[in-house]
Amino acid sequence: MNATPFWGPDFDQLAQLDPQMADLLLRELGRLRSGLQLIASENFTSPAVLAALGSTLSNKYAEGYPGKRYYGGCEVVDEVERLGIERAKALFGADHANLQPHSGASANIAVYGAFLQPGDTVLAMALPHGGHLTHGAKVSFSGKWFNAVHYGVNRETEDIDYDQMRDLAREHKPKMIIAGGSAIPRLIDFAAFRAVADEVGAILMVDAAHFIGLVAGKAIPSPVPYADVVTFTTHKVLRGPRGGMIVCKAEHAAAIDKAVFPMMQGGPLMHGVAAKAVNLAECATPEYQAYARQVIANSQALTSTLASHGLRPTTGGTDTHLALLDLQGVGVTGIDAEQRCGEAGIVLNKNAIPFDPAPPSIASGIRVGTPSVTTQGMGVPEVQHIGDLIARAVLSTSSEERVAIRHEVDALVARFPAYPRG
Ligand code: DSN
């Protein structure tokens, strides 16, 4: 076995103690290195973040918050968490930050817990139009325990239907309005959401999971000045460890902290909190800002190339790291496109498009994103090439064609390796 560690010498110990697991970790590293990773919500986090994740902070129970813990021995992790909180407040210009949510869904659950009672009304974007499960989908706690009302996109523009959102808010008087989702290629008008929330007396929550990295890199406008509370995951464009975070206005700080712990979670994952803090320092650099701008330039170039091959971008394009492509014009389903691309070494996901006639398990679209390939150092010429490869794979009719594309993918990623060998 070729044990090539990138996160520290402990890999050799793992390889000795548990070769079976070590082999699986190396296989996954090999998978990341060998294909094109275009899932819009994924990225390659740094060795420094991985080092914090693999640290002995994993051992520590630290229920509570810095200076107010339920366990002894928290003097070091108190400093870790304080450092992370200060970095988050500075990076996002926020009054308050909570780094403890284990995930984006946990962060969202905490916000419901902080502001709502079961049965209260929430207004959010419909999942089939680009929303999220935790925004009131029937199968989620949010749809089971709360009265969720949904706005969608305008049929013509395919962008958020702000008129519908306002009209539904006036009609249903939600206690909370949620902006954000998982497949929204365009910038969101936070001022419009704020105006409606103020008009009906609702809390405004922005779920910024997908685009917070672009905000951190100052490449797009921030929701923080407009929202009562902003939730996000830390592992998408932001490029941190897998996890969640909340920033909010000072007046909501106590309610948010109490909702994360003890209402929704127990002990924080302090290795994850440390890794989030490391990532926040990385995001405060000019290099990260250049990265965020390049993610968008790459996304726009990729989208234009795909459009030139007949893969239609919904809303006509993208302002962000992701695009949603309608494949109906080329007569291929989302699931077939995902499988064909997978065979060609291109990892992406099928995705419902607004007003999709196909069920979500089949879908009429695919979603592509550029966070990972941009981390690898690829620029516009490379993503234009990737656009050609995706189109060829989607339109391919034989395994032989897809094997030939796979060879071109191999050649491209060999020039831009993920986790380069030292
Ligand atoms: N699963 C994430 C995504 O892919 O967008 C959202 O939670």
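As the structure lists them, so they are numbered: ligands from 1, and atoms in each ligand from 1. Start at 1 with the first residue, then count along the sequence.
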Donor + acceptor pair across side chains of T375, Y291 (<3.5 Å)
yes
Can a side-chain donor-acceptor contact be found between H96 and D257 if the only test is distance below 3.5 angstrom?
yes
Ranking H132, K236, E42 by closest non-hydrogen atom to atom 7 (O) of ligand 1, top hit is H132
Return the orientation label for the F193 and Y151 ring planes: parallel under 30°, perpendicular over 60°, tilted otherwise.
tilted
Parallel, tilted or perpendicular: ring planes of Y112 versus F146, cut at 30 and 60 degrees:
tilted
Atoms of ligand 1 close to [X] [distance to a heavy atom under 4.0 angstrom, numbered from 1]:
X: S182; result: 5 (O), 6 (C)
X: H210; result: 3 (C), 5 (O)
X: S41; result: 3 (C), 4 (O), 5 (O)
X: R367; result: 3 (C), 4 (O), 5 (O)

Neighbour count above 12 (heavy atom, 6.0 Å) for Y70 OH:
no
To the nearest 0.5 Å, atom CZ of R340 lies from atom CD of E343 at 9.5 Å
Test item: protein heavy atom less than 4.0 Å from atom 5 (O) of ligand 1:
yes
Looking only at heavy atoms, is any part of H235 under 4.0 Å from ligand 1, and if so is it the side chain, the backbone, or both, or is it neither?
neither
